Amino acid sequence: MRAFLDTPAVPPTQQARLLAAFSRDAHPDRVYLAGGEHLNEEGKPTIPPIVSQIKQQMGTDPTLIPEYPSALGLPEFSRRATELALGRESRAITENRVLGVQTVGGAGAVRLGAELLRRWYDASSSWRGPVLLSSPCDESLAEILEAAGIGELRQYQFWDAERCGLCVEKLLEDLKECPEQSVIVLSASAHYPTGVDLSQEDWKRVSEVMLMRRHFPFFLMPAQGMCKGDIDQDAWPVRHCVSLGMELLCAQSFSHNFGLYGDRVGHLLCVLRENSLLLAVQSQAEKLVRTLWSCPSVGGAHVVATVLGNPAHFVEWQAGIRGAVERCMLVRESLREKLRLLGSTGQWDHLIKQGGLYCSTGLNDQQVEFLAKRRHVYILPNGCLNISAINSRNLDYVAESIHMALTSPF
Amino acid sequence: MSTFTEVPQAAPVAVFKLTADFREDSHPKKVNLGVGAYRTDDCQPWVLPVVKKVERMICEDQSLNHEYLPILGLPEFRSSASKIALGDDSPAIKEQRVGGVQSLGGTGALKIGAEFLRRWYNGTNNTATPVYVSAPTWENHNGVFSDAGFKDIRPYRYWDAARRGLDLTGFLEDMEKAPEHSIFVLHACAHNPTGTDPSQEEWKKIADVMKRKKLFVFFDSAYQGFASGSLEKDAWAIRFFVSEGLELFCAQSFSKNFGLYNERVGNLTVVAKDGDNLNRVLSQMEKIVRTIWSNPPSQGARIVAKTLTSPELFAEWQGNVKTMADRVLLMRSELKSKLLAMTTPGTWEHITQQIGMFSFTGLNPKQVEYMIKEKHIYLMASGRINMCGLTTKNIDYVAESIHEAVSKVQ
């Protein structure tokens with residue numbers, strides 16, 4: 001028998017190698033700042049108190065009926081997720097032209113959206129792209145899009161490493177120059193991995209170009225509410241495009257803002273121009289789901305629906321995530337202050353301008369390697385790090401380490 | 001103009017349409033014998049007592065990690081799930097050439113397996129490798145393999161409508177004629193939709209041809225324990241094939257035997273020639289998982305793992321499973337005796353000879369239509385009924401209705 005003899009091994013991902021190196025590192029001061037979860041002061045995943053409470057209630061008194069949910073997931077969850085993203089008063093909602101599908105995490109939403117586009121973006125021919133991703137972006141995005149059959153992937157300039165900020169002009173140029181009707185993957189807020197987001201003014205300019213070039217926005221909203229601490233502000237770019245009458249997809253994740261990492265709660269929004277298309281697109285989405293995962297798991301979605309559907313819970317939830325965001329903002333400020341005190345030359349203002357889980361340090365490859373090898377501080381290869389993994393116990397050490405990385409001769 | 005103007009309505013899935021029609025029917029005596037989910041004698045879904053107990057334990061466990069699961073899933077779930085399929089003393093497990101990929105239900109497991117095979121089996125990206133599914137089979141088999149990219153999905157003869165049994169000769173012939181390296185999807189037990197399984201002697205003949213013709217075995221095991229009430233008996237075919245030295249995949253679902261339909265608990269068991277082959281395969285599967293759901297949901301896997309790895313809970317679970325299997329067996333024998341007592345035209349031995357949730361009654365489409373329209377008893381056009389839809393309260397009505405349909409409609 002030799003069915004798998006020729007199957008090559010996949011080399012471990014950067015993330016996996018980093019984590020492995022960290023695990024092998026026995027140094028007492030080791031710090032891992034490259035993880036995917038939003039951590040609290042104790043170094044554990046942040047879970048808003050109301051979520052823990054609801055989970056407890058559900059654990060002891062399950063109301064969920066053990067039968068298959070619809071392929072589209074829990075209707076109540078979908079309704080709340082849609083309202084959260086677009087605002088309850090959104091015209092698109094009142095005009096009943098929004099399709100919502102519960103998915104297996106944010107990744108599942110991206111996959112489903114990609115499948116929908118690949119098959120139906122241009123129903124008359126076999127469309128393969130182009131789809132534009134930010135530079136840099138989450139590596140897995142390209143993998144997902146390719147797996148869905150989208151062959152033509154390009155990048156638009158986004159992060160200016162030298163200035164440690166956005167290069168909006170270059171971004172706009174790229175959007176003007178790529179073929180008309182391209183699909184553009186945009187981060188509504190809390191960009192991964194840079195932590196840098198467009199301002200509302202920037203968004204207005206971007207949406208103008210999108211309209212002019214007839215591009216299709218595919219928004220990522222991985223942590224609504226966890227970026228600026230305000231759910232409306234974090235969703236503003238999506239709502240703005242909807243108000244301009246655009247059609248769009250939006251992949252939402254409830255991993256971070258509900259601390260539901262293990263539950264895989266995601267949602268794909270599809271805003272259509274006309275209500276008459278809703279049922280057809282919905283039926284195609286259902287068909288796609290059937291061969292991806294048949295139907296999603298409901299536990300986590302039930303928690304989200306319960307919290308979002310109850311005014312008192314909703315308020316508590318917002319307070320919970322605001323608290324988490326404020327802690328991160330404090331960490332950013334403290335880090336900037338420490339670096340300033342240590343005499344680090346260079347501007348660290350970008351640290352406090354960015355939002356969300358990640359921030360970019362501007363460190364280059366050598367400096368990143370120095371951090372890991374000599375200081376046992378592990379950050380992402382592009383110099384970005386998970387700010388929530390910094391706490392009062394390791395802040396000084398991290399600041400010192402960054403300072404040393406910047407000032408050590410190579 | 002919408003991007004999605006040309007999108008056609010997808011055809012509804014027959015079994016869901018059936019349930020939708022059933023729901024709209026206001027007839028007091030209506031019966032739903034369509035969808036494959038367990039029901040109690042009160043026609044209610046059933047939370048297994050052991051599941052309720054374990055859910056509470058999990059809820060109260062403060063030590064639980066709330067982070068993302070590893071991409072391939074909860075380790076103790078993967079190993080205990082594969083063990084339940086292959087047996088505690090499986091030599092293949094001892095030889096460390098068995099691995100599991102936690103998946104979104106049985107569908108998810110099939111998906112991962114299909115995606116892997118399309119990429120790496122019988123060459124690289126060989127979409128021409130024939131995939132054989134039984135005639136008839138669960139309709140989603142076709143969908144999953146075709147969406148994974150396989151272009152040549154063929155039926156192998158299975159159900160002999162005239163004899164109301166297995167067409168072993170046809171089955172064996174189709175295997176003999178199949179191109180080498182073709183993929184065969186086999187139902188481990190409780191064949192869906194016919195309820196007709198090969199005997200052990202017949203399985204031996206099938207395995208023999210598989211080996212000789214170098215065909216790839218992909219088991220679909222959605223009913224272990226549920227079919228006969230015995231876990232070992234229901235896994236006999238899988239274990240026999242492994243003992244014959246075959247490499248194979250087995251897509252396991254814990255939806256039915258744990259009543260965890262809505263938590264989406266599945267496992268793709270991979271049996272490879274040796275550990276090296278296994279690891280390379282798993283590394284590729286990990287990559288595939290990253291492009292669909294990134295990492296699987298934790299709740300269902302925790303429930304199953306905890307149950308399977310605790311002797312007490314395991315025994316309790318076996319009892320719960322037997323309760324379900326026994327009720328199905330009881331309904332089978334009652335239905336048959338009632339039909340015989342009424343001297344309903346035709347033979348009805350197959351009702352008790354068939355096994356698992358489903359029975360291919362032998363009713364033709366006209367008779368099925370009669371059942372639905374005149375008697376408000378909903379079953380699939382193929383004549384398939386879900387035995388779980390029968391209860392002591394409705395069985396007389398159903399038996400009488402079948403009698404009527406068979407007598408009045410040709």
Side-chain angles (χ1 to χ4, degrees), chain A residues 1-10 36-37 44-45 47 55-56 59-60 62 64-69 104-105 107-108 111 120-121 123-124 140 143-144 146-147 216 247 255 259 261-264 272-274 277 279-281 283-284 286-287 290-300, chain B residues 1-10 12-13 35 37 45-47 52 55-56 58-60 66-69 104-105 107-108 111 120-121 140 143-144 147 216 245-247 259-264 272-273 277 279-281 283-284 286-288 290-300:
Chain A
M1 258 304 152
R2 33 171 301 130
F4 312 124
L5 230 45
D6 301 322
T7 306
V10 178
E37 289 96 351
K44 295 266 179 274
I47 305 178
K55 269 190 142 177
Q56 276 277 9
T60 50
L64 289 172
I65 304 165
E67 56 187 3
Y68 288 116
V104 186
R111 178 59 184 260
W120 301 113
Y121 190 54
S124 57
S140 66
E143 281 182 5
I144 297 174
E146 275 162 358
F216 188 95
E247 292 188 315
S255 296
Y261 298 98
D263 299 78
R264 312 307 294 124
L272 300 161
R273 220 160 249 145
E274 291 143 36
L277 303 164
L279 288 179
V281 179
S283 71
Q284 295 297 345
E286 267 178 296
K287 189 171 178 207
R290 285 273 293 166
T291 58
L292 286 171
W293 53 70
S294 213
C295 49
S297 59
V298 302
Chain B
M1 253 299 275
S2 167
T3 302
F4 302 102
T5 300
E6 310 272 319
V7 176
Q9 182 89 15
V13 176
V35 172
W46 192 48
V47 177
K52 209 178 269 185
E55 272 177 335
R56 205 165 292 139
I58 289 174
C59 196
E60 286 157 13
H66 294 278
E67 294 164 10
Y68 290 118
L69 279 187
L104 275 275
T107 303
K111 174 70 171 174
W120 302 112
Y121 174 70
N140 213 13
V144 170
D147 281 353
F216 187 83
L246 286 154
E247 291 179 302
L260 288 172
Y261 305 92
N262 56 22
E263 296 291 358
R264 315 305 295 126
K273 187 168 139 74
N277 275 276
N279 289 333
R280 283 182 282 108
V281 171
S283 78
Q284 291 294 351
E286 197 179 69
K287 190 170 180 201
I288 292 167
R290 285 204 313 262
T291 67
I292 311 180
W293 54 69
S294 199
N295 45 81
S298 57
Q299 179 70 353

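Quantities reported herein were computed from a predicted structural model and do not represent experimental measurements. Letters A, B, ... mirror the listed sequences (proteins, then strands); counts begin at 1. Below, each value reflects all heavy atoms present in this structure, side chains not excepted, and no hydrogens, waters or symmetry copies.
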- To the nearest 0.5 angstrom, please state how far the CZ atom of B/Phe4 sits from the CH2 atom of A/Trp120. 11.0 Å

- Message: I'd like to check B/Trp120 versus A/Pro8 (side-chain heavy atoms, cut-off strictly below 4.5 Å). Are they in contact?
- Response: yes

- Message: Under a 3.5 Å distance rule, please check whether A/Arg290 uses its side chain to pair with a backbone N or O of B/Asn140 as donor and acceptor.
- Response: no

- Is chain B contacted by the side chain of A/Leu272, its backbone, both, or neither, given a heavy-atom distance below 4.5 Å? side chain

- Message: Keeping A/Gln284 on the side-chain end and B/Pro8 on the backbone end, is there a donor-acceptor pair under 3.5 Å?
- Response: yes

- Item | Which atom of B/Gln284 lies closest to which atom of A/Thr7, heavy atoms considered | CG-CG2, 3.7 Å

- Nearest 0.5 Å, what's the CG-CZ distance between B/Asn277 and A/Arg2? 9.5 Å

- How long is the span from the CZ atom in A/Arg264 to the CH2 atom in B/Trp293, to the nearest 0.5 Å? 11.0 Å

- Can you name the nearest heavy-atom pair linking A/Ser255 to B/Tyr68, along with the distance? CB-OH, 3.6 Å

- Message: Looking only at heavy atoms and a cut-off of under 4.5 Å, which of B/Ser2, B/Gly143, B/Ala37, B/Pro45 has the most pairs with chain A?
- Response: B/Ser2

- Query: Given that the side chain runs from C-beta out, which part of B/Phe216 has a heavy atom under 4.5 Å from chain A: side chain, backbone, both or neither?
  - Reply: side chain

- Task: Measure across B/Thr291 and A/Glu143 and return the closest heavy-atom pair with its distance rounded to 0.1 Å.
- Result: CG2-O, 3.6 Å

- In this structure, CD1 of B/Ile292 is separated from CZ of A/Arg111 (nearest 0.5 Å) by 5.0 Å

- A/Phe4 and B/Glu247: which non-hydrogen atoms are nearest, and at how many Å? CD1-OE2, 3.5 Å

- Task: Give a yes or no on whether the backbone of B/Gln299 and the side-chain of A/Asp263 come within a donor-acceptor separation of less than 3.5 Å.
- Result: no

- Task: For each of A/Gly36, A/Gly105, A/Ala107, tally heavy-atom pairs with chain B at distances under 4.5 Å, and name the one with the top tally.
- Result: A/Ala107

- Who are the side chain to side chain donor-acceptor pair (under 3.5 Å) partners of A/Ser283, not counting sequence neighbours? none

- NE2 of B/His66 to NZ of A/Lys44, rounded to nearest 0.5 Å, is 10.0 Å

- For chain A, find which of B/Val144, B/Asn295, B/Val281, B/Leu69 contributes the most heavy-atom pairs closer than 4.5 angstrom. B/Asn295

- Who pairs with B/Asp147 by side chain to side chain donor-acceptor pair (under 3.5 Å), at least two apart in sequence or on another chain? A/Thr291

- What distance do B/Leu104 atom CG and A/Ser297 atom OG have between them, rounded to the nearest 0.5 Å? 6.5 Å

- Task: Provide the closest heavy-atom pair for B/Gly259 versus A/Pro66 in the form atom of the first, atom of the second, distance.
- Result: O-CB, 3.3 Å

- Message: Quick one, A/Trp293 and B/Arg264 - any side-chain contact, counting heavy atoms below 4.5 Å?
- Response: no

- Query: Considering only heavy atoms, which portion of A/Leu279 lies under 4.5 Å from any heavy atom of chain B: side chain, backbone, both, or neither?
  - Reply: both

- Please look at B/Pro296 and chain A and tell me whether the side chain, the backbone, both or neither of the residue comes under 4.5 angstrom of a heavy atom of that chain. backbone

- Task: Of all the heavy-atom pairs spanning B/Glu263 and A/Gly299, show the shortest one and how long it is.
- Result: OE1-N, 4.1 Å

- Query: Measuring heavy-atom distances to chain B, does A/Glu247 have an atom under 4.5 Å in its side chain, in its backbone, in both, or in neither?
  - Reply: side chain

- When only pairs under 4.5 Å are counted, which of B/Glu60, B/Glu6, B/Lys111 shares the most heavy-atom pairs with chain A? B/Lys111

- Task: Under 4.5 Å, counting heavy-atom pairs only, tell me which of A/Tyr121, A/Tyr261, A/Phe216 racks up the most with chain B.
- Result: A/Tyr261

